[in-house]
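Here, residue 1 is the first one in the sequence, and each next residue gets the next number.
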Amino acid sequence: MSLNEALPIILPLAILEIFLAVFSLIHVLRHPNYRFGNKMIWCIIVVFLQFIGPIIYFVFGRGDQE
């Protein structure tokens, strides 16, 4: 499979990954409460673990809203 054939599959996934990472990072920076860890740890997880980092944050890290 050449790059031209794979581009229609790769491009939407890349856009989704970027959107999810930016959305998660904004959420981490705006909310002070986390179930586990702190703001710096969650920023690193969201940025460096690509697809899985934001999902881990929303499942395990996001704290209660005040």
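Closest approach of P54 and S24 over heavy atoms only: CB-OG, 3.0 Å. Between L20 and I55, the closest heavy-atom pair is CD2-CG1, 4.3 Å.
Contacts of V22 classified as side chain to side chain contact (heavy atoms under 4.5 Å, CB included), with partners at least two apart in sequence or in another chain: I18, I26.
Residues L49 and L29 share a single hydrophobic cluster, defined by chaining ILVMFWY side chains whose heavy atoms lie under 4.5 Å apart.
Aromatic ring centres of F23 and F58: separated by under 6.0 Å.
The only member of W42, Y57, Y34 that meets ring pair (Phe, Tyr, Trp, His ring centres under 6.0 Å) when paired with H27 is Y57.
Interatomic distance, I45 CD1 to Q50 CD, rounded to the nearest 0.5 Å: 13.5 Å.
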Throw together a table of side-chain donor-acceptor distances under 3.5 angstrom for residues 2-14, partners on residues two or more places apart or in other chains.
residue, atom, partner, partner atom, Å
E5, OE1, S2, N, 3.3

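In this structure a side-chain-to-backbone donor-acceptor pair under 3.5 Å is missing from K39 to P32.
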